[in-house]
Amino acid sequence: MNRFILLIVFWMNGWGYELQENYFFENRVIYSNDLIPELPKKFEILRIPDELNHYRINARILVKSFELNGIEVDTGRVRFVNFSQKSPVDFTPIRQQLSAAFLSRYPTMQIDEILITPRGYLDSLPKNVKALYDPKVFQNAKGTLYFLDNQNVRRYLDYSVSATINVLHTAQKVTRKDPLSDSNTLLKPIPFERFKDFPLTAVPSDLHRFRATLKADVPLIARNIEASPLVQRGEKVTVEIRNGNVNVEFGAVATQEGGLYDMITIQKNDGKRVKAKVIGERRVELL
């Protein structure tokens, strides 16, 4: 019973409320439920000067305002709270460009929503505005992009993408140097969040293999695979000897793997080992 009463007291005093680091305002008088919408009690917190479109205040000052009204608020790791005037700008052109870019990279991506938030107050966008961003935008659901204003100054925006993407997963445990194929992978839809490298959405058309041992049901990214060498260690290769217009071919065994134009060691049928240059799939040239 005492525990139940204690929980009620906590709820009445607003325990568990937490300040955020950034807020947007339309009215310059900021009320309690502008910061914490679910707060049942409404009271004035501060007034932002008319000449400012950005205002920064120590979080502890805001906490004191809540405490004076009987509300306990936690600052978490927030030391200062930023208030930015909400821009009257329609960011539809930026959203459309970002959406087109994602769908160009991931044609099967299902985009639910794209949010664009300016860093600072903007009263307009340039005509024919163009969104500019780093390629890593395609690895992250949240990040930063920018555009150049009429004075050629960078204006930064934060983006947030809510989407689902089909990503290749391991269908079973795979080991290092196993070939990547339809038989050991499968496509699964997952939320697009944050990837350490570009997610794989299809098996590459050219031969690839796994770079490390992976468990089953691991979503695959670019760094998990590598191009398969044209010549594998231990496999039979065709050796070419060119002398003017005369070409001679014979068989041998590769004792090393190698990519195009790599120098590797091969073993001839008489047991001798010599160096040769990789010139194609399972083909080398004796120099």
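Side-chain atoms are counted along with the backbone in the values below, which use heavy atoms only and exclude waters and symmetry mates. The first residue of the sequence shown is numbered 1, and numbering continues consecutively from there. This is a predicted model, so every value here is computed, not measured.
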Tell me if a side-chain donor or acceptor on [X] pairs with a main-chain N or O of [Y] at a distance below 3.5 Å.
X    : Y    : answer
Y23  : Q20  : yes
T255 : T265 : yes
Q85  : Y121 : no
N140 : K136 : yes
R194 : A141 : no

Would you call the rings of F43 and F66 parallel, tilted or perpendicular, taking 30° and 60° as the class edges?
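Taking F66 first and then F43, their aromatic rings stand perpendicular (interplane angle over 60°).
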
With under 30° as parallel and over 60° as perpendicular, where do the rings of Y133 and F138 fit, or are they tilted in between?
perpendicular

Point-to-point distance, once rounded to the nearest 0.5 Å, from CG of D112 to OG1 of T164:
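Rounded to the nearest 0.5 Å, the CG-OG1 separation comes out at 5.5 Å.
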
Separation of Q172 CD from D178 CG (nearest 0.5 Å):
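That separation rounds to 8.0 Å.
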
Could you go step by step and tell me if S84 and H54 meet the side chain to side chain donor-acceptor pair (under 3.5 Å) rule?
CA-CA 5 Å; S84 298; H54 181 80; 3.1 Å; yes

I need the minimum non-hydrogen distance between [X] and [Y], along with the two atoms involved.
X    : Y    : answer
R105 : F198 : NH2-CG, 3.3 Å
P229 : G258 : CB-O, 3.4 Å
V203 : L168 : N-CD1, 3.6 Å

Go through the steps to decide whether T170 and K215 satisfy the test side chain to side chain donor-acceptor pair (under 3.5 Å), and finish with yes or no.
CA-CA 7 Å; T170 50; K215 297 184 294 185; over 6 Å; no

Establish, yes or no, whether a centroid distance under 6.0 Å links the rings of Y156 and F147.
no

Do R119 and D158 meet the salt-bridge criterion of a basic N to acidic O distance under 4.0 Å?
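A salt bridge is present here (some side-chain N lies under 4.0 Å from a carboxylate O).
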
Carboxylate-amine/guanidinium contact E257 K177, below 4.0 Å
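Counted as a salt bridge, because a side-chain N and a carboxylate O are separated by less than 4.0 Å.
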
Can you see whether [Y] has [X] sitting over its ring - NZ or CZ less than 6.0 Å from the centre and within 45° of the normal?
X    : Y    : value
R154 : Y146 : yes
R223 : F195 : no
K42  : Y31  : yes

With hydrophobic residues grouped by side-chain heavy-atom distances under 4.5 Å, do [X] and [Y] end up in a single group?
X    : Y    : answer
L125 : F24  : no
F80  : I57  : no
V137 : L132 : no

More than 12 heavy atoms from other groups under 6.0 Å of CZ on R47:
no

Check each of I111, D90, V161 against R95 using the side chain to side chain contact (heavy atoms under 4.5 Å, CB included) test, and report the only one that passes.
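So the option named by the test is D90.
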
With salt bridge (charged side-chain N to carboxylate O under 4.0 Å, His left out) as the rule and sequence neighbours excluded, what pairs involving residues 260-273 come up?
none

List in chain and number order the residues that pass salt bridge (charged side-chain N to carboxylate O under 4.0 Å, His left out) with E21, two or more places apart in sequence or in another chain; answer none if no residue qualifies.
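Counting only residues at least two positions away or on another chain, E21 forms no salt bridge (charged side-chain N to carboxylate O under 4.0 Å, His left out).
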
